[in-house]
Student: 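Once you've had a glance at the structure underneath, I'll fire off some questions.
Quick caveat: nothing in here was measured; it's all calculated off a predicted structure.
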Amino acid sequence: MTMTNFPEITRSFQELSGLAPEFFMDIRTDDDLARATAFLYTFDFEVKGEERHPLDPLAELLTQRITAYEARRFPVPDADGPDMLAFLLQQRPLTQQALAAATGIPQSTISDLLRRRRAFTADHARKLGAFFQVNPGMFL
């Protein structure tokens, strides 16, 4: 039976959180939210084009913290990810095909998201948030 090496995990966590504190930051204020969102956009830009990145799980955790803060701070009744996406598409106006080309999300996936046949992932939210220049949490 393998024993978990908690001292090594602690050292590694402290080192990682020192290198990228935004991945682990508490979001308690709007300024924290702005820093976390900016960091997530920067992360997305850095890994653009990569199908999967080793740090994606940390980005997903940050996205969840952003979403949780926004839900408390800016409650939006009766509007969910598909509604927000439809609204933003109308405002541009953009076709699903143009959005797919701009974000790298397949058009069929965009269609499924709009029709509520598929749930948004953190990756979808990051890409759409970056494209529309909105907080990714709007889609989750």
Side-chain angles (χ1 to χ4, degrees):
M1 180 173 172
T2 304
M3 296 297 294
T4 302
N5 186 338
F6 287 106
E8 181 63 22
I9 291 171
T10 301
R11 186 196 62 72
S12 296
F13 177 75
Q14 288 171 334
E15 184 177 335
L16 180 59
S17 61
L19 291 171
E22 293 86 352
F23 271 134
F24 308 101
M25 67 185 288
D26 286 333
I27 302 173
R28 296 181 183 176
T29 67
D30 290 351
D31 287 340
D32 292 343
L33 176 65
R35 280 186 30 234
T37 302
F39 178 78
L40 200 57
Y41 288 144
T42 300
F43 173 78
D44 188 52
F45 179 78
E46 289 293 321
V47 302
K48 188 190 303 187
E50 292 186 40
E51 184 70 23
R52 291 193 172 268
H53 190 276
L55 296 177
D56 277 349
L58 290 177
E60 288 192 35
L61 289 172
L62 180 56
T63 300
Q64 290 171 4
R65 287 196 304 283
I66 288 170
T67 302
Y69 176 81
E70 287 184 333
R72 289 187 310 273
R73 177 75 170 90
F74 308 106
V76 180
D78 302 326
D80 59 2
D83 291 337
M84 295 306 299
L85 181 55
F87 173 78
L88 291 168
L89 282 169
Q90 284 180 330
Q91 292 299 307
R92 290 287 171 140
L94 276 176
T95 64
Q96 291 180 25
Q97 293 82 4
L99 182 61
T103 62
I105 300 171
Q107 185 275 323
S108 60
T109 300
I110 292 170
S111 177
D112 287 346
L113 293 170
L114 287 165
R115 292 181 179 177
R116 304 172 191 281
R117 293 182 181 161
R118 183 175 186 161
F120 286 79
T121 66
D123 186 54
H124 296 145
R126 279 197 317 268
K127 289 178 179 178
L128 292 168
F131 176 78
F132 287 112
Q133 298 180 346
V134 297
N135 193 295
M138 291 177 66
F139 301 105
L140 299 174

Student: Sort out for me which residue in Asp30, Asp26, Asp32, Asn135 forms a side chain to side chain donor-acceptor pair (under 3.5 Å) with Tyr69.
Tutor: Asp30
Student: For Phe87, does the CZ atom sit with more than 12 other heavy atoms under 6.0 Å from it, leaving out its own atoms?
Tutor: no
Student: If you define the side chain from C-beta out and look only at heavy atoms, does anything of Pro7 sit under 4.5 Å from Arg11?
Tutor: no
Student: Roughly how far, to the nearest 0.5 Å, is CD of Glu15 from OG1 of Thr10?
Tutor: 13.0 Å
Student: At their closest point, which heavy atom of Pro57 faces which heavy atom of Pro54, and how far apart are they?
Tutor: CD-O, 3.4 Å
Student: Just to verify, what does Thr109 make a side-chain hydrogen bond (donor to acceptor under 3.5 Å, both in side chains) with, not counting sequence neighbours?
Tutor: Arg118
Student: So if you build clusters from Ile, Leu, Val, Met, Phe, Trp, Tyr with side-chain heavy-atom gaps below 4.5 Å, do Tyr41 and Phe132 land together?
Tutor: no
Student: Within a radius of less than 6.0 Å around CD of Glu8, do more than 12 heavy atoms belonging to other residues, nucleotides or ligands occur?
Tutor: yes
Student: Hey, is the main chain of Gln107 close enough, under 3.5 Å, to the side chain of Ser111 for a donor-acceptor pair?
Tutor: no
Student: Would Phe23 and Leu61 count as a side-chain contact (heavy atoms from CB on, under 4.5 Å) if you check the C-alpha gap in whole Å, the side-chain angles of each, and the deciding distance to 0.1 Å?
Tutor: CA-CA 8 Å; Phe23 271 134; Leu61 289 172; over 6 Å; no
Student: Asp44: what forms a side-chain hydrogen bond (donor to acceptor under 3.5 Å, both in side chains) with it, not counting sequence neighbours?
Tutor: none
Student: Take Leu58 and Leu16 through the test side-chain contact (heavy atoms from CB on, under 4.5 Å) and record every step on the way to the result.
Tutor: CA-CA 11 Å; Leu58 290 177; Leu16 180 59; 4.0 Å; yes
Student: What I want to find out is whether Asp56 reaches Arg126 closely enough, with some N-O distance under 4.0 Å, to be called a salt bridge.
Tutor: yes
Student: Please name all residues satisfying side-chain hydrogen bond (donor to acceptor under 3.5 Å, both in side chains) with Arg116, sequence neighbours left out, ordered by chain then number.
Tutor: Asp80, Asp83
Student: Search all heavy atoms of Leu40 against all heavy atoms of Pro136 and return the closest pair with its distance.
Tutor: CD2-CG, 3.8 Å
Student: Evaluate side-chain contact (heavy atoms from CB on, under 4.5 Å) for Leu114 paired with Gln96, printing each intermediate quantity in order.
Tutor: CA-CA 10 Å; Leu114 287 165; Gln96 291 180 25; 3.5 Å; yes
Student: Going by an N to O cut-off under 4.0 Å, is there a salt bridge joining Asp31 and Arg35?
Tutor: no
Student: Any side-chain heavy atom of Phe120 sitting closer than 4.5 Å to one from Leu128?
Tutor: yes
Student: Could you tell me the separation between the CZ atom of Arg73 and the OG1 atom of Thr29, rounded to the nearest 0.5 Å?
Tutor: 9.5 Å
Student: Restricting to non-hydrogen atoms, name the atom on Ala125 and the atom on Leu140 that form the minimum distance, rounded to 0.1 Å.
Tutor: CB-CG, 3.8 Å
Student: State, yes or no, whether a side-chain contact exists between Asp123 and Ile105 at a heavy-atom distance under 4.5 Å.
Tutor: no
Student: More than 12 foreign heavy atoms under 6.0 Å from CZ of Arg117: is that the case here?
Tutor: no
Student: For a quick test of reading the model, state the closest non-hydrogen atom pair linking Phe39 to Glu22 and the distance between them.
Tutor: CG-CB, 3.3 Å
Student: Would Ile9 and Asn5 count as a side-chain contact (heavy atoms from CB on, under 4.5 Å) here? Give the steps.
Tutor: CA-CA 6 Å; Ile9 291 171; Asn5 186 338; 5.5 Å; no
Student: Could you pull out the closest heavy-atom pair between Leu89 and Thr95, with the gap in Å?
Tutor: CD2-O, 4.2 Å
Student: Measure the spacing between CG of Leu88 and CG of Leu94 and express it to the nearest 0.5 Å.
Tutor: 9.5 Å
